There are 2 protein chains.
Amino acid sequence: MVTRDDVARLAGTSTAVVSYVLNNGPRPVAAATRRRVLQAVEELGYRPNAAARALSRRHDDVIGLIVPNFDNPYFAALGTAIEGAATAKGFTVILGNARHEDDRQAAYVETFLSRQCSGLILVGAAQESDGRNGPRTNALLKREQGVPLVSFDPLPNGARGTLLTPDNVPGAAAAVEHLLGHGHTRVGMLAGPQKFKAVQERERGWRETLENAEIDAASQTVVRCRFDRYEAFDLTERLLRSPRQFTALFIHTDEQAIGVIHAARAAGLTLPQDLAIVSFDGIREAGLITPQLTTVQQPITQLGARAVDLIQKQIARRPTNRTTERLTCELVTRTSCGCPG
Amino acid sequence: MVTRDDVARLAGTSTAVVSYVLNNGPRPVAAATRRRVLQAVEELGYRPNAAARALSRRHDDVIGLIVPNFDNPYFAALGTAIEGAATAKGFTVILGNARHEDDRQAAYVETFLSRQCSGLILVGAAQESDGRNGPRTNALLKREQGVPLVSFDPLPNGARGTLLTPDNVPGAAAAVEHLLGHGHTRVGMLAGPQKFKAVQERERGWRETLENAEIDAASQTVVRCRFDRYEAFDLTERLLRSPRQFTALFIHTDEQAIGVIHAARAAGLTLPQDLAIVSFDGIREAGLITPQLTTVQQPITQLGARAVDLIQKQIARRPTNRTTERLTCELVTRTSCGCPG
DNA sequence: GTGAAAGCGCTAACAT
DNA sequence: ATGTTAGCGCTTTCAC
């Protein structure tokens with residue numbers, strides 16, 4: 001293994017100078033010396049040992065990113081956005097797949113922390129706990145008040161950090177408003193798991209909009225399932241077997257809406273004539289499927305960039321408190337709502 | 001920060017003993033002592049510093065996994081399978097998203113190597129290079145003959161390691177055979193980029209099967225696009241504008257087939273009556289879409305497990321040479337081929 | 001069974 | 001501008 005000593009020897013300098021060159025500081029280096037060092041690096045094919053560096057510096061320019069799963073295109077897109085923003089700022093991203101399990105998520109938090117990561121980003125922190133163990137992630141992060149932390153939903157209980165979220169209430173309101181504009185008065189909701197802040201807020205947007213229009217929300221059809229097209233498919237199949245009490249549906253995520261579309265097709269319904277739907281997120285697939293999804297578009301790239309920003313800010317001046325930050329969404333009108341193609 | 005010294009002090013032992021306990025070796029520890037150590041660990045909320053450990057041991061129980069992108073469900077599924085297998089064996093997986101760019105992939109290889117990872121798994125190593133720079137990943141891995149390496153496709157030129165792949169030729173043959181069994185004689189192909197081994201092999205399976213049936217492969221329609229449903233959609237839209245020279249299509253991946261289905265629907269075709277298709281991979285979505293995809297199912301979980309196995313084997317006895325390993329696939333008959341639902 | 005101590009490769013304060 | 005050197009936290013050989 002080639003070490004910094006070898007480089008120094010070949011360049012005819014001290015090891016410190018090699019560090020100064022490679023790190024661009026903290027001390028200046030003469031141009032000629034720098035050149036010699038760089039050349040020695042090249043010649044020896046030297047690669048710095050990140051473990052040694054992390055040990056010495058007591059932190060590593062790494063951001064730990066934990067996603068609930070990769071199968072959900074929304075999470076995939078958000079993960080990609082975060083990774084892109086982080087890489088652009090010189091961070092390395094290490095990615096953990098929690099598979100919706102709190103235990104796995106907590107294990108990842110531990111690994112990342114033990115690797116001296118300089119920040120943690122959680123996408124969908126509300127993982128299922130296995131019943132026996134409680135929410136280990138929360139407990140862990142409550143202890144570990146030091147780490148820069150951004151969470152998309154929710155911000156772990158008792159932890160410092162910031163909750164970064166699309167602005168769900170107005171977004172959902174716009175969606176439901178649009179459906180009302182198409183003349184629907186029986187607007188049901190296919191919601192996500194209640195433990196998510198986003199779900200609570202989208203729900204509120206739906207309820208308040210109905211109530212503003214003097215429609216009794218409590219008497220509307222509401223069903224709930226995970227953020228999973230397959231589960232949404234099964235649920236919708238069952239739902240469509242009984243007489244329908246709704247002509248339109250506000251669906252919490254595009255992912256679920258895709259399941260609904262497939263189930264509706266299988267049941268012989270024609271969308272949007274037999275059933276109008278509007279959903280939320282704005283994943284790419286929304287534009288591919290037939291009918292194309294009218295959806296509340298999240299600013300996914302900005303969310304990713306902002307998450308990394310917030311980590312940087314927290315690195316600069318910690319500790320932080322619990323804060324919330326919302327980014328605006330925009331209704332994208334396509335055909336699933338009944339608008340002309 | 002709590003260090004091993006603190007633990008040793010509280011437990012009233014030496015730091016060495018703490019290591020022996022935490023690592024279960026290399027020396028035995030009296031039960032009573034072990035108990036005291038464990039209790040001290042608990043009491044202090046001690047978390048070992050992975051960087052220090054990696055530095056000292058000269059390697060880290062980490063597998064670097066590089067995926068071309070997370071938007072492709074096949075890659076997502078394979079990534080998940082690998083991650084599951086690795087985690088089960090006590091490895092931590094760090095994941096890089098190459099986004100189909102050779103430069104990004106190479107950068108990830110460097111980071112992972114600099115972090116003393118004990119193995120590298122590349123899913124889809126044939127990233128696009130940006131033209132100016134050559135294939136940096138290949139160059140890097142040719143130099144670095146030491147790392148345990150498993151690649152799904154292809155095995156970087158000049159590198160030691162093993163190419164792990166589904167058995168594409170017989171798989172593709174079974175797919176085409178099945179289409180011929182339905183009476184088709186004009187069986188086109190929607191292929192992937194030629195730089196992939198899998199593509200070359202699936203192509204061969206298609207060609208040989210046609211020729212065995214005395215059908216001229218050279219006169220069949222062949223189109224090519226990336227592993228991307230959106231690109232497949234566009235391509236198919238264009239393809240369907242001119243008169244069709246085929247009644248059936250062998251499609252290299254389910255991902256592409258999904259794009260074809262959407263485009264066919266948009267063009268007013270009914271599948272499988274107007275066009276029969278069989279694809280490859282066996283992602284979960286194949287069973288959700290209408291028509292459900294008849295596809296050559298890869299043993300995704302086994303591939304993941306095997307990849308990790310191979311890394312372990314290479315860790316045990318390196319260096320390895322270039323080897324190839326194939327896992328058998330199985331045709332799953334659904335409705336897109338023309339079989340009754 | 002346990003402890004002392006010599007590193008692992010790098011950083012950065014301090015000295016020159 | 002450059003060199004010397006004391007750690008960073010952990011592992012493991014070697015003594016006891």
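Here the structure is a predicted model, which is why all the values come from computation and not from measurement. Letters go in sequence order (proteins before strands), and every chain restarts at 1.
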Indicate, with a heavy-atom threshold strictly under 4.0 Å, whether [X] touches base, sugar-phosphate, or nothing.
| X | result |
| --- | --- |
| B/N23 | sugar-phosphate |
| B/S19 | base |
| B/A30 | sugar-phosphate |
| A/T33 | sugar-phosphate |

Check this for me, if you would: do [X] and [Y] make a salt bridge, where the nitrogen-to-carboxylate-oxygen distance has to be below 4.0 angstrom?
| X | Y | result |
| --- | --- | --- |
| A/D103 | A/R99 | no |
| A/D60 | A/R115 | no |
| A/K195 | A/E128 | yes |

Legend entry - 5'-most by nearest nucleotide on DNA chain C - A/N49 or B/G12: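 Nearer the 5' end of the strand: B/G12.
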
Inset, instruction - Using heavy atoms to find the nearest nucleotide of DNA chain C for B/A31 and B/A52 separately, return the residue whose nucleotide is more 5′. - result: B/A31

Whole angstroms only, please: what is the [atom1]-[atom2] distance between [X] and [N]?
| X | N | atom1 | atom2 | answer |
| --- | --- | --- | --- | --- |
| B/L44 | D/dG9 | CG | C1' | 15 Å |
| A/R58 | D/dG9 | CZ | C1' | 10 Å |
| B/Q116 | C/dC8 | CD | P | 13 Å |
| A/R36 | D/dA1 | CZ | P | 14 Å |
| B/D6 | D/dG9 | CG | P | 9 Å |
| A/R57 | C/dA13 | CZ | C1' | 16 Å |
| B/R115 | C/dG9 | CZ | C1' | 14 Å |
| B/L55 | D/dC8 | CG | C1' | 9 Å |

Legend entry - Modelled atom types, side-chain donor and acceptor of A/N24 and A/R34, under 3.5 Å: yes

Legend entry - A/R27, nearest nucleotide to its side chain (from D/dT12, C/dC10, C/dC14):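 Nearest nucleotide to the side chain: C/dC14.
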
Inset, instruction - Taking all non-hydrogen atoms of both residues into account, name the closest pair between A/I311 and A/S118 and its distance. - result: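 Smallest interatomic distance, heavy atoms only, reads CG2-O, 4.2 Å.
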
Legend entry - Residue closer to the 5' end of DNA chain D, A/V29 versus B/T3 (nearest nucleotide):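 Counting from the 5' end, the first nearest nucleotide belongs to A/V29.
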
Legend entry - N or O in side chain of B/S56 less than 4.0 angstrom from C/dC8 OP1/OP2: no

Legend entry - side-chain N/O B/Y20 vs D/dC10 OP1/OP2, d < 4.0 Å: no

